[in-house]
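Read through the structure below, which is laid out as structure tokens, and then see the notes.
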Amino acid sequence: MASTLDTGTIESRAIARAPKVRNFNPTSKFFHWLMAAIIIVAWIIGYYGGAMLHYGVNDIETAQKVWAITLHKNIATTTLFLIALRIIWRLFHSPPPLGEMPAVMKTFTHLGHWSLYFLMVAVPVSGWWNSSSAGYGIPVAGLFTIPGLGGKNPELTPYLVTAHWFLSWALLIVVAGHLAFALKHHFIDKDDTIESMMPTNRED
Ligand code: HEM
């Protein structure tokens, strides 16, 4: 009789301490939202600059093109540093476990997250490499420049430009899928997935 009461007390204490919603730690949230904002801005400016490179013909368009690509590089190179720090952080801090879902959905979710990490490395590295192969400088946030990757090799540039184009579109598609699933969790499953990444959620 006494042991049943004891177990009950322990269980109710555990329930009282259990978080109401799953929650990422503040550093993971910081990396998530800062990188999301930078990647979206870098993508839009890169798209605009890339389109100018392909279609720009007169002096005004050439100046706009150089301005857009330089701005694109200044913004996007910051993700090289952020993703390195984010991966180190992630190695030592596991995310909260996934919510209730079929095993196949869990596999799909992990695949999506690994694709995002892969592309967050591959997209800026391919941009860095394509600019370096063309012999251009690599500015970071208007503060300093980083050395070229692989040295000047203009013969390689068209292939690296294509790789950067392909990878940046793959990133856009995976990010769109990530957003669509987050919205599905919120509006259809009505679970705490979106809340767990919100800076305003301080449950723990
Ligand atoms: C978050 C990282 C990045 C994203 C999301 C991104 C995205 C893009 C996109 C969407 C384009 C347009 C592709 C096209 O339509 O042709 C582009 C072009 C370009 N990006 Fe990036 N980029 C990133 C990082 C970088 C970095 C780090 C560099 C160089 C240091 C770079 C250099 C370039 C250059 C030179 C172009 C023009 C290529 C061309 O069309 O000839 N990018 N980028």
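Remember, it's a predicted structure, so these values are computed and weren't measured experimentally. Just so it is clear, the values below take in all heavy atoms, side chains as well, and ignore hydrogens, waters and symmetry mates. All ligand and atom numbering here is 1-based and tracks the order in the structure.
- Residue-ligand proximity, Ile138 to ligand 1, at heavy-atom distances under 4.0 Å covers atoms 30 (C).
- Taking every non-hydrogen atom of Trp165 and a distance limit under 4.0 Å, the qualifying atoms of ligand 1 come out as 13 (C), 14 (C), 15 (O), 16 (O).
- For ligand 1, the polar-atom distance check finds no N/O of Ser168 at less than 3.5 Å from any of the ligand's N/O atoms.
- In this structure a side-chain-to-backbone donor-acceptor pair under 3.5 Å is present from Lys29 to Met198.
- His164 contributes atom NE2 as its closest N/O/S atom to atom 21 (Fe) of ligand 1.
- In the model, Asp191 has a side-chain atom that pairs as donor or acceptor with a side-chain atom of His185 under 3.5 Å.
- The main-chain N or O of Val123 is found under 3.5 Å from a side-chain atom of Ser126 such that the two form a donor-acceptor pair.
- Of the candidates Ser126, Gly127, Ala134, Gly127 brings a heavy atom nearest to atom 28 (C) of ligand 1.
- Heavy-atom contacts of Lys73 reach the following atoms of ligand 1: 29 (C), 30 (C) (cutoff under 4.0 Å).
- Atom CH2 of Trp43 has more than 12 heavy atoms from other residues, nucleotides or ligands within 6.0 Å.
- Remark: ligand 1 and His72 share an N or O pair separated by less than 3.5 Å (distance only, no angle test).
- When each atom of ligand 1 is checked for a heavy atom of Ser131 under 4.0 Å away, the hits are 29 (C), 35 (C).
- Paired with Val41 under the rule side-chain contact (heavy atoms from CB on, under 4.5 Å), one option of Ile38, Ile44, Ile45 passes, and it is Ile45.
- Put simply, the side chain of Trp67 never gets that close to the backbone of Thr62: no donor and acceptor are under 3.5 Å apart.
- Atoms of ligand 1 found under 4.0 Å from any heavy atom of Tyr47, numbered from 1 in the order shown, are 9 (C), 10 (C), 11 (C), 12 (C).
- At least one donor-acceptor pair closer than 3.5 Å links the side chain of Asn74 to the backbone N or O of Gly142.
- The backbone N or O of Thr157 lies less than 3.5 Å from no partner atom in the side chain of Asn130, so there is not a single donor-acceptor pair.
- Near Asn130, the atoms of ligand 1 lying under 4.0 angstrom from a non-hydrogen atom of the residue are 35 (C).
- Contacts between Ile69 and ligand 1 below 4.0 angstrom, taking non-hydrogen atoms only, involve the side chain exclusively.
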